Amino acid sequence: MSPGRGATAGDLAGAATDLEVRGLRKAYGAVEVLDGIDLSVAAGEVAAVLGPSGCGKSTLLRLLAGLEEPDDGTITLGGQPLRGPSATHPMVAQGATLFPWLSLRENLAWGPRAARRPDADAVADELLVATGLTGFADALPRQLSGGMRQRAAIAQVLANRPPVLLLDEPFGALDAQTRLRMHEWLRGLLAQRPTTVVLVTHDVEEALLLGDRLALLGRRPSRVLEYSRVSFGPERGRATLRDPRFVDLKVQVLERVLAS
Amino acid sequence: MSPTSGTGTVAEDTAPGPDASVGLDEPEPVITPTGRPRRRRRRLLGLVVPALLVTVWALASAAGWVSPRLLPSPGTVVEAAWAFVAGGGGSTLPGVTPFDGAAGRHVGASVGRWLVAFALAVAVGIPLGAAIGLSRRTAELLDPLVQALRSIPITAWLPIALVWFGLGEGAARYLVFVGAFFPIVIATADGASRVPGALVDTALMLGTHRWDLGRKVYLPAALPAIVTGLRLGLTLGWMSVIVGELTGTTSGVGAMMFAAREVGRLDHIIVGMATFAVVGLAGDVLLRAAARPFVAWSDR
Ligand SMILES: Nc1ncnc2c1ncn2[C@@H]1O[C@H](COP(=O)(O)OP(=O)(O)OP(=O)(O)O)[C@@H](O)[C@H]1O
Ligand SMILES: [Mg+2]
C-alpha cells in the first residue's frame, strides 16, 4: 500500500497474454481424463472449447486456472510457466460463485481490494454499470437472477483486468434469449478489455458467436481433435444468427462434434 | 438507471437493463407485507396455553384442590418473585443464602459463571472446531474423542470437577465450560468442513492471499453454523450452571433453589425456575440479535 505502487488502476492490469498448452495430461486415479492436450491461444483471442459431456473440459480449465496440477505437460502464460491460482488467469466456474454474504458491490470490489487498490470502490461502481446492475448494488447474490449472477461473476474476476480469462459454460444454465443477450454483453465487454479467453461450452452456436478459435475435444481420455480458426467477420451479433453462411457453418461443426 | 455518457459501456445498449428484470426477479415484495402481522399473531398465539395453565393453577389453588405445600398459588409465587427482586418481606433462607432482595446477587453470580465459562468455551471451541473441520488429519485424530466425551452427561462431570477444582466457583465454571464447549466445537467443525471449495478457489483467483482465507472466506462462510453452535452452547452452558451450584456455593440462582428446598419454600424454588427461564431466554435473544447482522444473508 505504498503510495508509489499500487496506485494505478493498471497494476495487475495488462494487455492480454498468449496462452500455450503442451502435452497436458491428467488422470483421476484410474480414470484418464486428458491425454495430451495441445492448445495455443494468441493474446486477445477467444478460444472456444467444444466437446462431449464428461470429456474433461472442466478439468482442462481447472488446470489452466492453476487449481489442479497436471500429471504431465506444461502451461505457459506470456512465456511464464503457470504457478497456482492467481488473479492473472481466473476461472468463472460452472454455476457462478459469488460470496453469498456480501452485497453485489462488495463482491465486485473483492479483487481490487485484495490487490490493495485504493480505487476499489470506483472499480466496483464501474462494473455495476458495465453489468447493467446498478440498481442491485446492495442486493445479496441470492436476490439476483441466474443471468444477473453470471454477469456479476464474470465482472468480479474482470475487476482485476486479468490478461487471461477462463470461462466454464458461463451461460449454460440460462434460457436461449438471455444467453443471446449475454453473448452480446460479453463481446462488448471483451472489446473494451483485450483479454485472452478460453471459453468452454457445449453450445456450438455460442462457440461460433464468441470464439476466434474453435477447439474440438474427443471422448475421454481426450485430445484436441481439431483446432480451427473461426473466420466469420468480427461483426458477430444477433443478425449473424440469420446469416445463411453462419447457419451452414453451425451445421458443419455440429456434424463434426457428433462424429467425434 | 443513469444515462452514462462517454464511458460507452456495452451494458447500456446490449445487456438486459436491470429495469427489465426487476419485476420478475425480485421475490421480496410478495413475502414482506404479509410477514409481520402474521408473526405478531403467532407470537400472541404462543401465550394462549401458558395463560390457560396459569388460570387452571390459580383456580386449583383457590379451590383448595392442591396443597400449598405441593404447589403454592400463583399469587404467593408472584409475591415471592417481588420480594426476590425488591427486598422486604423478611424471609431469609437458612445458612448464609439470602433471598429477599437478593435477585441481583444470585443472578449476577450465575450469569458471571455462565459468561466467563462460555467465553472460554468459545475461545477454545472455535479454533478446535475449525481445525477438525478443515483438516482431515485433525478430524481423524480428535473427532472420536470429542464424540465420546460429549456423550458424558453434565452431572456425571460433577464429582470429578469437585475433585479437580474443589467446591465452589471453579467446579461451577468447569461444568458450564463442558456444557457449552461441545456444541460449539461440533457446529464449528461442521460449518468449516462445509465451506464450498469453489468459494476458496474464487477468492484465490481474485488475488486473495492464502493467509487471508480464514478471515475472509472460511469465517464468514461458516458463521451461520458457528452461531447455531454458540446458541446451543450458550443454552447448554446455562443449563449446566445449576449443576455447578448444587454444592459448595451460597450464591447463584441454583444455590438459592437448593437452600429453599431444605426449608420447603416451593414458592422460592418456582421463582428460581422462572429466573432460569427468563435469563436463559434473554441470553439467547441477545446473542441472536448480536449475530443477526453477520448471518442474515443465510436466512431462508
Ligand atoms: N476431482 C475429481 N475426482 C475424480 N474424478 C474426477 C474429478 N473431476 C472430474 N473427474 C472425472 O473426470 C472426467 C471429466 O470431468 P469434467 O468435469 O472435466 O468433464 P466436462 O467435460 O467438464 O463435463 P461436462 O460437460 O458435463 O461439464 C469425468 O469422468 C469425471 O468423473
Ligand atoms: Mg464441465
Side-chain angles (χ1 to χ4, degrees), chain A residues 12 62 65-67 84-93 95 97-103 110-115 126 128-136 139-145 147-148 151 153 156-157 159-160 162 166 177-178 181-189 191-192 237, chain B residues 1-29 31-32 195-213 215-224 227 291 293-300:
Chain A
L12 260 169
R62 289 183 61 79
L67 295 171
S86 93
T88 57
H89 51 105
M91 174 183 79
V92 178
T97 45
L98 297 164
F99 300 101
W101 57 90
L102 293 179
S103 69
W110 182 298
R113 279 202 218 297
E126 183 199 330
L128 281 169
V129 175
T131 47
L133 293 172
T134 39
F136 293 88
L140 290 171
R142 68 180 162 107
Q143 293 168 310
L144 305 175
S145 72
M148 292 169 162
R151 260 182 287 161
Q156 186 185 44
V157 299
N160 285 330
L166 309 166
Q177 66 269 35
T178 310
R181 287 212 193 94
M182 301 285 283
H183 293 159
E184 291 171 343
W185 172 76
L186 184 63
R187 283 186 70 82
L189 206 61
Q192 288 184 318
Chain B
M1 66 189 290
S2 63
T4 44
S5 57
T7 49
T9 61
V10 214
E12 223 49 55
D13 34 41
T14 57
D19 298 337
S21 22
V22 174
L24 296 171
D25 285 323
E26 204 48 63
E28 234 67 24
I31 299 163
T32 319
V195 175
L199 289 184
V200 178
D201 291 347
T202 301
L204 289 172
M205 291 185 294
L206 289 171
T208 310
H209 285 298
R210 280 189 185 276
W211 52 84
D212 282 339
L213 288 177
R215 187 170 49 91
K216 289 187 166 173
V217 181
Y218 285 106
L219 183 63
L223 208 55
V227 167
F294 305 101
V295 299
W297 61 270
S298 68
D299 285 352
R300 290 278 114 204

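All figures in this text were calculated on a predicted structure; none of them were measured in a lab. We use all heavy atoms of the structure for the numbers below, so side chains are in, but hydrogens, waters and symmetry mates are not.
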Check your understanding: Does any pair with a residue in residues 202-211 of chain B pass salt bridge (charged side-chain N to carboxylate O under 4.0 Å, His left out), and if so which ones, sequence neighbours excluded?
Key -> none

Exercise for review: Heavy-atom pairs under 4.5 Å with chain B are the metric here; pick the option from A:G147, A:S86, A:A153 that has the most.
Suggested key: A:S86

Revision key, fill the gap. Cut-off 4.5 Å, heavy atoms of chain B, and the answer for A:R62 is side chain

Check your understanding: So, the side chain of A:R142 versus the backbone of B:W297: is there a donor-acceptor pair under 3.5 Å, distance only?
Key -> yes

Check your understanding: Considering residues at least two apart in sequence or located in another chain, which fulfil the ring-ring contact (aromatic ring centres under 6.0 Å, His included) criterion with B:Y218?
Key -> none

Check your understanding: Which bit of A:L98 is near chain B, if near means a heavy-atom gap under 4.5 Å: side chain, backbone, both or neither?
Key -> backbone

Practice item. Between chain A and each of B:A221, B:P224, B:A198, count heavy-atom pairs under 4.5 Å; write down the option with the most. Key: B:A221

Study note, to complete from the structure: When the 4.5 angstrom heavy-atom criterion is applied to B:V217 and chain A, the contacting part is both

Review point. By a 4.5 Å heavy-atom criterion (distance strictly below it), what part of A:T97 contacts chain B: side chain, backbone, both, or neither?
Key: both

Point to revise | Within-4.5 Å side-chain heavy-atom neighbours: B:S298 and B:L223 | key: no

Review point. Is the backbone N or O of B:M205 less than 3.5 Å from a side-chain atom of A:H89, with the two atoms forming a donor-acceptor pair by type?
Key: no

Check your understanding: For B:G207, does its backbone N or O pair with a side-chain atom of A:W110 as donor and acceptor, under 3.5 Å?
Key -> no

Review point. If you tally heavy-atom pairs under 4.5 Å against chain B, which of A:P90, A:A93, A:G66, A:A65 wins?
Key: A:P90

